[in-house]
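Presented below is the structure to which this report refers.
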Amino acid sequence: MQKINSEAPVCDLGFNEKHEAIQPEALKIASKSRRRSSAASTCSFSSACFTGSSDEDDISPREKRQCNSRGYTDFCVKNVTNHHAFGRREIEIAEQEMPGIMTLRRRAADDKPLKNANIVGCTHINAQTAVLIETLIKLGASVRWAACNIYSTQNAVAAALAEVNVPIFAWRGETEEEFWWCLDNCVNADGWQPNMILDDGGDATHLMWKKYPELFKGIKGIVEESITGVHRLYHMSKTGKLSVPAINVNDSVTKMKFDNFYSIRESILDSLKRATDVLFGGKQVVVCGYGDVGKGCAKGLRAQGCIVYVTEIDPICALQASMDGFRVVKLNEVIRNVDIVVTATGNKHVVTREHMDRLKHGCIVCNMGHSNSEIDINSLHTPELTWERVRSQVDHIFWPDGKMMVLLAEGRLVNLSCSTIPSFVVSVTASAQALALIELYNAVPGRYKSDVYLLPKKMDEYVSSLHLPTFDAHLTELTDEQAKYLGLNKAGPFKPNYYRY
Ligand SMILES: NC(=O)c1ccc[n+]([C@@H]2O[C@H](COP(=O)([O-])OP(=O)(O)OC[C@H]3O[C@@H](n4cnc5c(N)ncnc54)[C@H](O)[C@@H]3O)[C@@H](O)[C@H]2O)c1
């Protein structure tokens, strides 16, 4: 059962203050390093990354002596000496587009709400998450950090963190065994005991629970970012294995809206363009599913001049699509004519081999949903079809009559495979993560039980307010009379927990 707590947070970070604009910090380091695109990660925020030269690829970082320019050795990264300057520049670029977390950093830097917090972090390691890590340190925390994904680490960013004495254990292309070794080095350190966990996928929590269960006695709380990790936490809670409170950041309103709609509305275009150079104007597109992700896809593509059809199983979403001006159809009705097929249902086998047999020549097929079985890729591995890899993440599949279909990212999430996640979106999530850590760390005993909670509504509102100055948005304040009339506190929360935004 999800628990919802709408009490005011214990730490006053100026929730009711006027929103101030942030001044971008000047870039300090000019690096001569060249930018390369990162390879696809399975679920990460990937962005520009210098991945290191091939001659060093054969030697595991574990085999190398690790030491930064200050003589600090408590880390393990690919190459601290050669990569750190480039990584620092990437972090500074990300800071420009992460106004919320940077404002939080400034506002709370004096109060140090995370003083004496020892945080084990297990997240993607890229420029945006580095901004979060450095914010937590500025707020008083001591951290030890590992990657939650063996492919998504930006080596240069990890090097930049190591160069400023952050105990970080991560490099791109870790083996499974190295992955657990890195995490173990974070959890189990001499003279340092964690009291908070920031997880993305639940691996830090899992490792501690399996290998160091006694450490949970000192843990004040877990903050979890991903759907998978949240499922694991709810499972632990149901089976009585969760011994500390946890906050599910994944389902906070701000995170959901930004990840599932605003980010998608742009990244569907970005990924299709980068992969195929397609011109959108006048193209016929079918979007399967009209949840938040489908809405983002449909609206983003229509804004470019596409003729967009929608398929749905749910009459409410179908009615929404109709009222938004989209034709709701069965896939069979349009499959012969469309130029692009996008799945966004979270379901399986939404696009079948029969559908693909009927596609027109050159049709682009891709998936935005979590599961890579929305498009029945297995059915395309038959002898009569010929696959040709034409670019990274782009396959041309030929039928015997010469018809060709363009398949992106082999049916995996196309935006995460073929484009990047905007730093602004990560700023929203990072702000929510930092606030959740502050909340759990400072909560008076008894406020939270050993269960999974949503981010308090007031904090969700605060996360949004941190990002408003970017748009020079001016909030209207309730008058006393209006607040009384609506039965609200003038400082929020402004909506009940069941409100659907
Ligand atoms: N690519 C990304 O970056 C990203 C970000 C967030 C979520 N996701 C994933 O995208 C998927 C959709 O997310 P959402 O938040 O929109 O979910 P949602 O549940 O709100 O929407 C999915 C919609 O698909 C409809 N649907 C289900 N089966 C269908 C079928 N056979 N044909 C047509 N419609 C069907 C459902 O009725 C629903 O309205 C999920 O798998 C989610 O994990 C991806």
Side-chain angles (χ1 to χ4, degrees), residues 8-15 17 20 22 25 68 70 72 74-75 88 91-92 94-95 98-123 125 128-146 157 160-169 186-187 189-200 204 208 215-225 244-247 249 426-445 447-448 455-456 458-459 462-463 466:
V10 287
C11 181
D12 182 8
L13 293 167
F15 282 71
E17 278 175 28
E20 41 187 299
I22 69 156
E25 281 178 25
N68 72 8
R70 304 153 196 228
Y72 181 77
D74 188 13
F75 65 88
R88 179 53 50 191
I91 295 170
E92 287 170 355
E95 286 173 356
M98 298 183 71
I101 191 76
M102 294 304 285
T103 304
L104 184 62
R105 184 190 285 192
R106 268 202 342 277
R107 283 192 188 168
D110 292 340
D111 284 352
K112 301 248 179 289
L114 291 174
K115 192 169 168 217
N116 298 328
N118 289 348
I119 305 172
V120 161
C122 182
T123 64
I125 291 170
Q128 293 89 354
T129 46
V131 176
L132 168 64
I133 295 169
E134 295 195 333
T135 299
L136 300 177
I137 295 169
K138 291 237 160 70
L139 303 193
S142 153
V143 306
R144 298 183 71 80
W145 222 271
V157 169
L161 290 169
E163 177 62 15
V164 293
N165 297 5
V166 176
I168 178 156
F169 299 81
C186 295
V187 172
D190 279 347
W192 189 91
Q193 205 164 315
N195 52 28
M196 297 293 298
I197 301 173
L198 179 56
D199 229 348
D200 184 339
M208 268 182 63
L215 285 182
F216 270 102
K217 288 195 192 99
I219 296 288
K220 290 187 157 205
I222 303 168
V223 172
E224 173 56 58
E225 139 92 13
V244 297
I247 290 188
V249 169
V426 188
S427 176
V428 172
T429 315
S431 305
Q433 287 169 307
L435 285 170
L437 284 168
I438 292 169
E439 172 67 6
L440 285 178
Y441 184 65
N442 292 285
V444 288
R447 169 178 276 187
Y448 294 104
L455 194 68
K458 207 158 177 335
M459 287 199 171
Y462 183 64
V463 169
L466 287 172

Does any non-hydrogen side-chain atom of [Y] lie less than 4.5 Å from one of [X]?
X: Val164; Y: Arg88; value: yes
X: Val166; Y: Tyr72; value: no
X: Tyr462; Y: Leu455; value: no
X: Leu136; Y: Trp145; value: yes
X: Ser427; Y: Pro99; value: yes
X: Asp200; Y: Gln433; value: no
X: Phe169; Y: Asp74; value: yes
X: Met196; Y: Leu114; value: no

**OP:** Could you walk me through whether Leu198 and Glu225 pass side-chain contact (heavy atoms from CB on, under 4.5 Å), step by step?
**Re:** CA-CA 8 Å; Leu198 179 56; Glu225 139 92 13; 5.7 Å; no
Kindly give the heavy-atom pair with the smallest separation between [X] and [Y], and that separation in Å.
X: Gly140; Y: Lys112; answer: CA-CD, 3.8 Å
X: Asn195; Y: Gly218; answer: CB-O, 3.2 Å
X: Arg105; Y: Lys138; answer: NH1-NZ, 3.7 Å
X: Val249; Y: Ala436; answer: CG2-CB, 4.0 Å
X: Leu440; Y: Gly221; answer: CD1-CA, 3.9 Å
X: Ala109; Y: Leu139; answer: N-CD2, 3.9 Å

Tell me if a side-chain donor or acceptor on [X] pairs with a main-chain N or O of [Y] at a distance below 3.5 Å.
X: Tyr441; Y: Ala117; answer: yes
X: Asp111; Y: Pro113; answer: no
X: Ser431; Y: Val463; answer: no

**OP:** Scan for salt bridge (charged side-chain N to carboxylate O under 4.0 Å, His left out) pairs involving residues 160-169, sequence neighbours excluded, and state none if there are none.
**Re:**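 Pairs touching residues 160-169 that pass the test: none.
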Subject >> Pairs meeting criterion salt bridge (charged side-chain N to carboxylate O under 4.0 Å, His left out) with involvement of residues 215-224, two or more places apart >> reply: none
Original post:
Roughly how far, to the nearest 0.5 Å, is CG of Leu104 from CE of Met98?
Top reply: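 Rounded to the nearest 0.5 Å, the CE-CG separation comes to 11.0 Å.
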Original post:
Can you check side-chain contact (heavy atoms from CB on, under 4.5 Å) on Thr429 and Gln128, steps first, answer last?
Top reply: CA-CA 10 Å; Thr429 315; Gln128 293 89 354; over 6 Å; no
**OP:** Among Val426, Val157, Ile91, find the one that has a side-chain contact (heavy atoms from CB on, under 4.5 Å) with Val131.
**Re:**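 Running side-chain contact (heavy atoms from CB on, under 4.5 Å) over Val426, Val157, Ile91 with Val131 returns exactly one hit, Ile91.
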Subject >> Lys115, NZ: over 12 other non-hydrogen atoms inside 6.0 angstrom >> reply: no
